[in-house]
Number of protein chains: 2
Amino acid sequence: MPGAAAKPARRRRPRGSINADDIVAGAFEVARRASLDQLSMPVLAEHLDVGVASIYWYFLKKEDLLNRMTDLAVNRLIQAFPPVPDDLPWPEFLHDYFKRERTIFRDDQVMCDLVLVSTSTYSKDAARRLFEREESVLARLAGAGFSAENAFRVFNAVSVYTRGMVIHERILQRSKTPTLDTARQRQITDWSSMPLLERMLDRHPLAGTTDEDFEFGLAGLVSGFETLLREQEAG
Amino acid sequence: MPGAAAKPARRRRPRGSINADDIVAGAFEVARRASLDQLSMPVLAEHLDVGVASIYWYFLKKEDLLNRMTDLAVNRLIQAFPPVPDDLPWPEFLHDYFKRERTIFRDDQVMCDLVLVSTSTYSKDAARRLFEREESVLARLAGAGFSAENAFRVFNAVSVYTRGMVIHERILQRSKTPTLDTARQRQITDWSSMPLLERMLDRHPLAGTTDEDFEFGLAGLVSGFETLLREQEAG
DNA sequence: ACCTGAACACCGTTCAAGT
DNA sequence: ACCTGAACACCGTTCAAGT
């Protein structure tokens with residue numbers, strides 16, 4: 001035997017045996033198993049038991065595949081939100097809404113990477129659905145007395161805060177650095193010149209990413225906007 | 001001439017003609033010229049006029065190089081802050097502090113990518129300097145009446161918000177997607193079902209990343225924490 | 001119309017060698 | 001002790017060919 005046994009040599013697939021949806025589904029499986037940046041075309045092809053080039057018949061670029069994935073992720077994100085209730089006072093509503101957003105992203109790291117950290121894009125359709133969702137929240141705020149401009153800015157600020165926390169947490173867990181792990185923190189140096197931080201060493205993660213930490217800032221934001229609304233109504 | 005002219009064939013460099021600092025400096029040059037993720041070992045080697053393998057004598061992994069770069073970036077970040085003044089009331093101080101942080105990151109995209117979005121790590125030394133800086137802010141807040149725990153959480157929340165805005169802006173500019181560009185936005189669909197958002201279309205970027213947008217949320221946060229402090233003192 | 005292996009240009013990293 | 005080209009395993013993408 002001259003050519004030593006090497007590859008199982010997959011049999012040629014009949015046409016129509018894969019399609020774009022299968023590829024995207026497989027891509028999510030691979031990404032879930034490891035992480036989004038472990039997703040490569042060769043690995044995906046192997047997972048699907050397909051030649052690499054076949055994928056390129058359906059997606060001209062890897063980026064196109066990622067964009068399609070992002071679209072699906074956005075859909076899942078939107079569907080994960082409950083309908084906007086109108087029995088709750090707006091501060092509580094806003095609080096719940098973004099608390100929810102955080103848990104959604106936290107429970108789906110691939111979604112987080114696609115929508116929040118990667119530079120991939122979503123379709124106009126997905127954008128529209130996101131905007132519709134935002135509009136319903138803005139309507140809620142406008143109904144409570146905020147000007148359109150302020151409603152927009154309130155939504156924006158709380159959104160940036162929430163996503164900032166999600167991203168921060170995600171990046172921390174991606175970098176294996178236990179820099180912020182308590183144990184290591186203790187050995188980093190003497191804390192004698194930093195008495196206030198020293199008292200924080202017994203904390204959870206020192207990074208300030210617990211539920212309480214998140215909700216503290218969220219409550220602060222909402223409270224600040226309550227004040228603003230009062231001033232707006234008074235002025 | 002059998003071997004067609006191909007490479008200029010760089011002459012061998014004498015030992016000691018490069019060192020770790022030169023490599024890091026060159027890496028920043030390359031990253032500045034394009035962006036951090038354009039920085040590759042071959043490109044860097046070419047820029048330095050050195051064999052690729054030479055870099056690996058000083059940095060065992062590309063990650064080591066990135067970590068070193070991150071360390072320098074953290075130093076620059078800290079030095080860019082003015083000393084903490086004690087003549088300003090804490091709300092204004094906090095406002096200025098994070099307004100400053102935002103501009104620092106915004107003016108240095110490589111620093112932003114290294115410290116905020118990449119998973120690279122910084123040394124214990126850099127971490128210490130960051131903590132010392134944080135401690136001085138905490139001291140300021142504690143002096144104003146916040147408990148240690150609340151001072152920590154206030155700092156944390158405003159930090160997350162600020163960095164969230166910086167990252168958001170950075171990711172928007174990295175993805176060429178003009179999804180949020182006004183012109184495209186207008187053509188996306190009819191806005192008739194979204195009257196509130198429609199009124200925002202004449203905005204700057206629709207993304208809500210202007211200075212005013214940022215400072216609106218910042219002011220909201222600070223205002224919320226003022227309320228909290230009042231309640232803490234009352235209770 | 002769809003599927004494919006082989007090739008290309010790139011990347012990070014290693015290694016056996018030069019000086 | 002430092003510097004190096006060539007090689008390796010990987011990646012994204014293309015292409016000329018199979019059915």
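Reminder, nothing fancy here: chain letters follow the sequence lines and each chain counts from 1. What you see is a predicted model, and the numbers here were worked out from it, not measured in a lab.
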(request) Scan residues 37-46 of chain B for pairs that pass side chain to side chain donor-acceptor pair (under 3.5 Å), counting only residues two or more places apart or in two chains. (result) B:Ser35-B:Asp37, B:Asp37-B:Arg174
(message) One thing to verify: whether B:Asp49 and B:Arg11 come together as a salt bridge, which I'm taking to mean a side-chain N less than 4.0 angstrom from a carboxylate O.
(response) no
(request) Would you mind checking if B:Arg129 and B:Asp125 are paired as a salt bridge, meaning a charged N to carboxylate O distance below 4.0 Å? (result) yes
Would you kindly give the [atom1]-to-[atom2] distance between [X] and [N], to the nearest whole Å?
{"X": "A:Ile18", "N": "C:dC2", "atom1": "CD1", "atom2": "C1'", "value": "8 Å"}
{"X": "B:Asp22", "N": "D:dC2", "atom1": "CG", "atom2": "C1'", "value": "14 Å"}
{"X": "A:Asp49", "N": "C:dC3", "atom1": "CG", "atom2": "P", "value": "13 Å"}
{"X": "B:Asn19", "N": "D:dA1", "atom1": "CG", "atom2": "P", "value": "17 Å"}

(message) For a quick check, with a 4.0 angstrom heavy-atom cut-off, what is the B/S/- contact string for nucleotides 9-19 of chain D, read 5' to 3'?
(response) --SSBBB--B-
(request) Over all heavy atoms of both residues, which pair between A:Trp191 and B:Phe131 is shortest? Give the atoms and the distance, please. (result) CH2-CD1, 3.9 Å
(message) Centroid separation under 6.0 Å, is that true for the rings of B:Phe214 and B:Phe98?
(response)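 So the answer is no for these two rings.
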(message) Please pick, from C:dT4, D:dC2, D:dT4, the nucleotide with the shortest atom-to-atom distance to any side-chain atom of B:Val50.
(response) D:dT4
(request) Go ahead and write out DNA chain D as dot-bracket, 5' to 3': ( ) for pairs within the strand, [ ] for ones crossing earlier pairs, | when the partner sits on another strand, dots for unpaired; Watson-Crick or G-U wobble, both distances under 3.5 Å. (result) ||.|||||...|||||.||
(request) Please check the phosphate of D:dC2 (OP1 and OP2 only) for any side-chain N or O of B:Ser17 closer than 4.0 Å. (result)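 No, B:Ser17 has no side-chain N/O under 4.0 Å of OP1/OP2 on D:dC2.
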(message) Check the phosphate of D:dC3 against B:Tyr58, side-chain N and O only, distance under 4.0 Å to OP1 or OP2. Yes or no?
(response)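 Checking B:Tyr58 against D:dC3: at least one side-chain N or O falls below 4.0 Å of OP1 or OP2.
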(request) Among B:Leu72, B:Asp71, B:Asn19, B:Leu66, find the residue that satisfies the side chain to side chain contact (heavy atoms under 4.5 Å, CB included) test when tested with B:Val24. (result) B:Leu72
(request) For residues B:Glu169 and B:Val166, determine if any side-chain heavy atom of one lies less than 4.5 Å from a side-chain heavy atom of the other. (result)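 They are not in contact (no side-chain heavy atoms under 4.5 Å apart), so the answer is no.
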(request) Step by step, work out the side chain to side chain contact (heavy atoms under 4.5 Å, CB included) result for A:Asp211 and A:Arg106. (result) CA-CA 11 Å; A:Asp211 289 350; A:Arg106 193 203 271 203; 3.0 Å; yes
